[in-house]
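Take a look at the structure set out below.
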Amino acid sequence: MKRIFITGFALLSIFRLSAQEKPADSTAYKSNKLKIEEVNLVSSYYKQNGDNSAVTGGIGTEKLTDVSNTIDVKLIKYGKSGKKHTWDVEVGLDYYSSASSDMVDLQANSSASSADIRVYPSISYSVENEAKGSTFGAGVSSSTEFDYQSFGGNISYSKKTKDRNGEFTARFQAFLDQVKLITPTELRAPGDDSYGTASRNTFAGSLSYAQIVNQNFQLMFMADVITQKGYLELPFHRVYFDDSSVHIENLPDTRLKIPLAVRASYFLGDNFIIRGYYRFYTDDWGLNSHTADIEVPVKLSTVFSLSPFYRYYTQTAIKYFKGFEEHTAAEEFYTSNYDLSRFNSSFFGMGMKYTPLKGVFGLKHFHTLELRYGHYTRTTNMVSNIISINIKYK
């Protein structure tokens, strides 16, 4: 846990050196020079445990820890025509250790799979015509770890209604991925320690509409269509058949996903907000799910607020899931990954936001400090905890 806060405060000290006073009338001034609008420094620590590791065929430890650090920088400028140009640059780095991944080699006390680092930079750009209420955006991203490489791109277009109370957004995303084919050691050819690769491509189209109903009530509707094609299993996921033979997980090479969601916020005076979210999901592998989420931020003073939250989730199993030694040789597709099984889960916790008038730690431009803790449980006997810290510079 100590590692998180060292990282967060080290980043904070860097920005302390660059903080400068703004002109008194800066809120009305539209700068033609590129300037920093906002910086978010986020660190988190995640820990989980369970008894249904897919690496060992649906049984065995799911212990995992992850330390994540990201820095997100938003820059803006106004062009000569009055259009607002925004750049958003984010760099993230995760270090995780996984007892289940370590079991790719059942004989090793500690293998290369026991820990890894993931680096995921992204950059996006948008131009907004405030007079017409329209915004065009585009972005690229990547994610790199030992056994997985992903490259992504997206474009989007938003248009506000004439009264500026509604906004329609269309977005298209593409991810072109490469999976390193690291198979369980007992299923490799003798002396073969080389790894091939396989491709996995994902394309997603999204539509959303946000509406300010009145001064207290806001709504947003979202719909996505997601298609995947390529190598959709993982090569180190074992499946044990009913004759005790071991195989590599095998799943179809296409998948169609359709999530539909609605989000609402209701303001109860100046001190209470009720935020609700519901999502229905279905896909052609037979998985259907429902998500219901509620969060109630409570403003306790001008600088301090608390946000208790709770999320309930339930899903059905895909057509190709069975547990340890339940599959048969007659089946074409098979997995014992309990993430694709039938289960219910709960996630609850508390957020804390501190926005002092003189800035966090007396630094004027360090606008907000947020702490958040969540506890997750699901009916497959998996539990996890996450704590995060976010420092916002404006």
Side-chain angles (χ1 to χ4, degrees), residues 22 25-42 70-92 120-143 150-176 202-227 258-267 273 275-277 279 367-368 390 392-394:
K22 291 182 180 179
D25 62 346
S26 61
T27 54
Y29 175 65
K30 294 186 176 183
S31 174
N32 289 325
K33 295 182 179 180
L34 189 64
K35 66 174 184 177
I36 294 177
E37 172 73 4
E38 183 176 295
V39 179
N40 283 283
L41 311 172
V42 183
T70 63
I71 177 169
D72 178 47
V73 182
K74 182 180 290 185
L75 305 103
I76 66 166
K77 67 169 290 185
Y78 283 85
K80 293 181 179 180
S81 62
K83 293 180 180 179
K84 181 180 179 181
H85 301 264
T86 302
W87 287 263
D88 199 321
V89 181
E90 181 176 344
V91 178
Y120 45 103
S122 66
I123 183 169
S124 62
Y125 166 76
S126 66
V127 55
E128 180 182 0
N129 187 325
E130 294 178 333
K132 294 184 177 180
S134 61
T135 304
F136 173 80
V140 293
S141 64
S142 72
S143 177
S150 176
F151 294 99
N154 67 80
I155 57 173
S156 64
Y157 177 77
S158 299
K159 178 68 175 178
K160 293 180 180 179
T161 57
K162 290 183 178 180
D163 61 5
R164 298 297 194 267
N165 286 332
E167 184 173 31
F168 170 82
T169 301
R171 184 181 180 90
F172 175 77
Q173 295 175 281
F175 298 94
L176 309 178
T202 303
F203 302 96
S206 306
L207 297 175
S208 66
Y209 180 74
Q211 177 68 44
I212 300 174
V213 180
N214 55 47
Q215 64 179 0
N216 296 326
F217 189 40
Q218 298 178 7
L219 274 172
M220 175 180 282
F221 300 94
M222 295 156 280
D224 301 314
V225 175
I226 304 163
T227 63
I258 301 177
L260 303 171
V262 59
R263 188 185 303 276
S265 296
Y266 190 82
F267 296 83
I273 306 172
R275 294 176 179 154
Y277 173 81
R279 189 185 82 149
H367 183 264
T368 303
N390 176 17
K392 182 178 293 185
Y393 170 95
K394 294 190 72 171

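Note that the structure is predicted; figures quoted are calculated from it, not measured.
With a 6.0 Å radius and a threshold of 12 heavy atoms from other residues, nucleotides or ligands, Lys74 has its NZ atom at or below the threshold.
The nearest pair of heavy atoms linking Phe172 to Phe203 is CZ-CD2, 3.9 Å. The minimum heavy-atom distance between Gly79 and His85, with the atom names listed, is N-CD2, 3.7 Å. Listed here is the closest heavy atom pair of Gly133 and Arg164: N-NH2, 3.5 Å. Closest of all the heavy-atom pairs between Gln211 and Gly166 is OE1-CA, 3.7 Å. In this structure, Ser141 and Phe175 approach most closely via the heavy-atom pair OG-CE2, 4.2 Å. Contact record, Leu207 with Asp224: N-OD1, 4.4 Å, taken as the closest heavy-atom pair.
Side-chain contact between Pro259 and Ile226 is present, with at least one heavy-atom pair separated by less than 4.5 Å.
Scored by the side-chain hydrogen bond (donor to acceptor under 3.5 Å, both in side chains) test, Asp72 finds no partners at all (sequence neighbours excluded). The side-chain hydrogen bond (donor to acceptor under 3.5 Å, both in side chains) test applied to Ser124 returns no partner, not counting sequence neighbours. Residues passing the side chain to side chain contact (heavy atoms under 4.5 Å, CB included) test with Asn129 are Lys83, Ala131, Lys132, Ser134, sequence neighbours excluded. Residues satisfying the side-chain hydrogen bond (donor to acceptor under 3.5 Å, both in side chains) test with Tyr120, not counting sequence neighbours, are Ser68, Asp94. For Ile273, the side chain to side chain contact (heavy atoms under 4.5 Å, CB included) partners two or more places apart in sequence, or in a different chain, are Phe267, Arg275, Pro297. Taking Phe217 as the reference, Val213, Asn214, Leu219, Ala264, Tyr266 meet the side chain to side chain contact (heavy atoms under 4.5 Å, CB included) condition, with sequence neighbours excluded. Every residue two or more places apart in sequence or in another chain was checked for a side-chain hydrogen bond (donor to acceptor under 3.5 Å, both in side chains) with Ser142, and none qualifies. Considering only residues two or more places apart in sequence or on other chains, Ser158 meets the side chain to side chain contact (heavy atoms under 4.5 Å, CB included) condition with Thr135, Glu167, Thr169.
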(request) Apply side-chain contact (heavy atoms from CB on, under 4.5 Å) to the pair Glu128 and Thr86, showing each step before the final yes or no. (result) CA-CA 8 Å; Glu128 180 182 0; Thr86 302; over 6 Å; no
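Using bins of under 30°, 30° to 60° and over 60° for the plane-to-plane angle, the ring pair Trp87/Tyr125 lands in the tilted bin.
One finds the CD atom of Gln218 at 6.0 Å from the OG atom of Ser265 (value rounded to the nearest 0.5 Å). Distance check: Asn40 CG to Glu90 CD gives 9.0 Å after rounding to the nearest 0.5 Å. How far NZ of Lys77 is from NZ of Lys35: 12.5 Å, rounded to the nearest 0.5 Å. Distance OG/Ser208 to CZ/Phe221: 11.5 Å, rounded to 0.5 Å. Taken from CD in Gln173 to CD1 in Ile155, the straight-line distance is 10.5 Å, to the nearest 0.5 Å. Taking CG of Leu75 as the start and CD of Glu37 as the end, the distance is 9.5 Å to the nearest 0.5 Å.
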